[in-house]
Amino acid sequence: MAQHDSEAVDMVLVGAGIMSATLAVLLKELDPEIRLEIVELQEAGAVESSNPWNNAGTGHAGLCELNYTPEAADGSIDIKKAVTINTQFEVSKQFWAHLCGREGFGSAKTFINAVPHLSFVRGAKNVPYLHKRYEALRSHHAFADMVYTEDRATMADWMPLMMPGRAPDEPIAATRAMNGTDVNFGALTNQLLQYLALKPGVTVTYNHRVTDLERSGKGWRVKVKDSRSGGERDIQAGFVFLGAGGGALPLLQMSGIKEGKGFGGFPVSGQWLRCDNQEIVKQHQAKVYSLAAVGAPPMSVPHLDTRVVDGNKSLLFGPYAGFTTKFLKYGSPLDLPMSIRPSNLKPMLAVARDNMDLTRYLIREVRQSMQDRLDTLRGFYPEAKAEDWRLEVAGQRVQIIKKDPKKGGILQFGTELVAARDGSIAALLGASPGASVTVSIMLELIERCFPEKAQSQAWASKLAEIFPAREKLLATDAEVYREVTARSDERLGLSY
């Protein structure tokens, strides 16, 4: 899109990924008169974490991710996080379903496909855990259709690629949820950006870096630089959203708001094994998640996934963690050292002290050979052949480091919305399950940063139109859950 002449807008959104694209569309749905500009460092949208090869593409709904259902000391299974993420994903689906009826948005088939979600465990210790998890989950209406088995013939039907060559006396078990999905968040992001292009008062500016953020009256002066021409300009904005993935932390620090003090980042890179051999791919139509290794971060839960990207199917296995000091895949090695401040030094040192297991895990991962990675894959797919798989470098994730009154600092997985008290600027930090629950996070941002407008009759009625049921109602009312999810599935063309 052409750059507008005016240097004053209502809002500036930094980063053209799934977060900013979602927020921009939401805001324009609520108020078509809003003037906003999205500023992107790269030459296109969805280049970093939103790119389909830079993330797992799982429509995270708590159906298969074992780290969302921890086992307590007394042996009980806590399902609260799984329910929360499931209902948040259903809110995302409501938004996408709403847009599928809007002129210019396009088809849902380009970004979402039905793919069963399975959990798979090995070993005498893990089989009882999976059964307890199944019993706990199926008591909630969101997981009522989940099925459990220890029968090998059943598992051979569910995941035929994974059973041949497996030791007959190995204890194994699996659960399956047929209502899982694979999501191409890159395609979705670009579809949202194309939809925005039809709206008046919207500008998407590529190849531009934010070089300064400064308070200006009740809003902000955002200084941007064209990476091609070197030209600079200032944008006056009433509100700024920092949705630049791993790049959000340095921008938050640049803003100087007190709410951002003490936050640090721990970057973790990822790699996948990728298979495009269709003779192999057609034998595995599922996303199969297992348990993370001891000391591994939750984002490193191993899984063998069906991926659908631009209409083509592939298999991904991983992720294999790595370490780099970059905060973005196309970032700078100076990102981590340049993020260290007096306010976050203590939390970062405390995290380094208290997470030696993670450090050792990352060292092991970095030192792995291709043969080591294939050996891990064969725990899932015993007959895997090296010639069918190649290494794919995934996106960069920056885990949150924050102050803690007892420990000095903690490493937090997941996402966190950091906003100024006056609601004039907000940043999204962290990683998984970010993309899947983007809509819930952006609704939280709207409610926190624009409380009066969110409660106004105009915005409230529009939100009720887009979202027939929010997370709390979905979690507590089985009839509403079934009715709303069925409507979303129909509009999204999802047939399980």
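All figures in this text were calculated on a predicted structure; none of them were measured in a lab. Numbers for residues simply follow the sequence, beginning at 1.
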Rounded to the nearest 0.5 Å, how far apart are [atom1] of [X] and [atom2] of [Y]?
X      : Y      : atom1 : atom2 : answer
Leu273 : Trp389 : CG    : CH2   : 6.5 Å
Leu463 : Glu29  : CG    : CD    : 10.5 Å
Arg274 : Leu391 : CZ    : CG    : 11.5 Å
Ser440 : Glu471 : OG    : CD    : 3.5 Å
Ser495 : Asn179 : OG    : CG    : 12.0 Å
Ser290 : Leu130 : OG    : CG    : 9.0 Å

Which heavy atom of [X] sits nearest to which heavy atom of [Y], and what is that distance?
X      : Y      : value
Val484 : Ala469 : CG2-CB, 4.0 Å
Leu193 : Ala21  : CD2-CB, 4.1 Å
Trp272 : Ala394 : NE1-CB, 3.1 Å
Gly246 : Pro250 : O-CD, 3.7 Å
Ala475 : His140 : O-NE2, 2.9 Å
Gly62  : Arg133 : O-NH2, 3.4 Å

Are [X] and [Y] within salt-bridge range, i.e. N to O under 4.0 Å?
X      : Y      : value
Lys93  : Glu90  : yes
Asp226 : Arg233 : no
Lys385 : Glu383 : no

### Task
Walk me through it: do Phe239 and Leu36 pass the test side chain to side chain contact (heavy atoms under 4.5 Å, CB included)?
CA-CA 9 Å; Phe239 171 78; Leu36 62 87; over 6 Å; no
Any luck finding a side-chain donor-acceptor pair between [X] and [Y] under 3.5 Å?
X      : Y      : value
Asp372 : Tyr320 : no
Asn54  : Ser49  : no
Lys326 : Tyr330 : no
Thr58  : Tyr289 : yes
Glu365 : Gln368 : yes
Asn86  : Tyr481 : yes
Glu232 : Thr211 : no
Thr324 : Gln396 : no

* Mind running side chain to side chain contact (heavy atoms under 4.5 Å, CB included) on Phe266 and Phe323 for me, showing each step along the way? => CA-CA 9 Å; Phe266 183 82; Phe323 180 74; 4.3 Å; yes
Would you say the side chain of [Y] lies within less than 4.5 Å of the side chain of [X], judging by non-hydrogen atoms?
X      : Y      : result
Val121 : Leu66  : yes
Ser488 : Thr485 : no
Thr175 : Leu63  : no
Leu99  : Leu192 : yes
Ser436 : Phe185 : yes
Lys28  : Leu196 : yes
Thr205 : Val224 : no
Phe450 : Leu445 : yes

Should we count [atom1] of [X] as having more than 12 external heavy atoms under 6.0 Å?
X      : atom1 : answer
Glu387 : CD    : yes
Met370 : CE    : yes
Lys462 : NZ    : yes
Glu490 : CD    : no
Arg487 : CZ    : yes

Determine yes or no for a side-chain-to-main-chain donor-acceptor pair under 3.5 angstrom, with [X] supplying the side chain and [Y] the backbone.
X      : Y      : answer
Ser227 : Asn207 : yes
Thr325 : Asp335 : no
Gln285 : Gln283 : no
Glu40  : Ala16  : yes
Thr415 : Gly434 : no
His284 : Leu315 : no
Thr181 : Ile112 : no
Arg378 : Ala384 : yes
Gln278 : Asp276 : yes
Ser20  : Gly15  : yes

**Request:** Decide side chain to side chain contact (heavy atoms under 4.5 Å, CB included) for Gln94 and Val91; before the verdict, give the C-alpha distance in whole Å, the side-chain angles of both, and the deciding distance to 0.1 Å.
**Result:** CA-CA 5 Å; Gln94 288 176 51; Val91 167; 4.3 Å; yes
Begin with the C-alpha distance, continue with both residues' side-chain angles, and end with the deciding distance and a verdict on side-chain hydrogen bond (donor to acceptor under 3.5 Å, both in side chains) for Ser339 and Gln253.
CA-CA 8 Å; Ser339 73; Gln253 293 174 329; 5.0 Å; no
Which of Gln271, His303, Arg397 passes side chain to side chain contact (heavy atoms under 4.5 Å, CB included) with Pro319? It is His303
Practice problem: I would like to know whether Tyr206 and Gln42 meet side chain to side chain contact (heavy atoms under 4.5 Å, CB included); could you show each step before the answer? | Solution: CA-CA 6 Å; Tyr206 297 110; Gln42 301 297 331; over 6 Å; no
query: Do the two ring centres, one from Phe111 and one from Trp96, sit under 6.0 Å apart?
result: yes
- Query: Do Phe380 and Phe317 have ring centroids that are under 6.0 Å from one another?
  - Reply: yes
In Asn184, Asp182, Asn312, Asn113, the residue satisfying side-chain hydrogen bond (donor to acceptor under 3.5 Å, both in side chains) with Arg307 is Asp182
Is the ring pair Phe95/Phe467 parallel, tilted or perpendicular, if the boundaries are 30 and 60 degrees? parallel
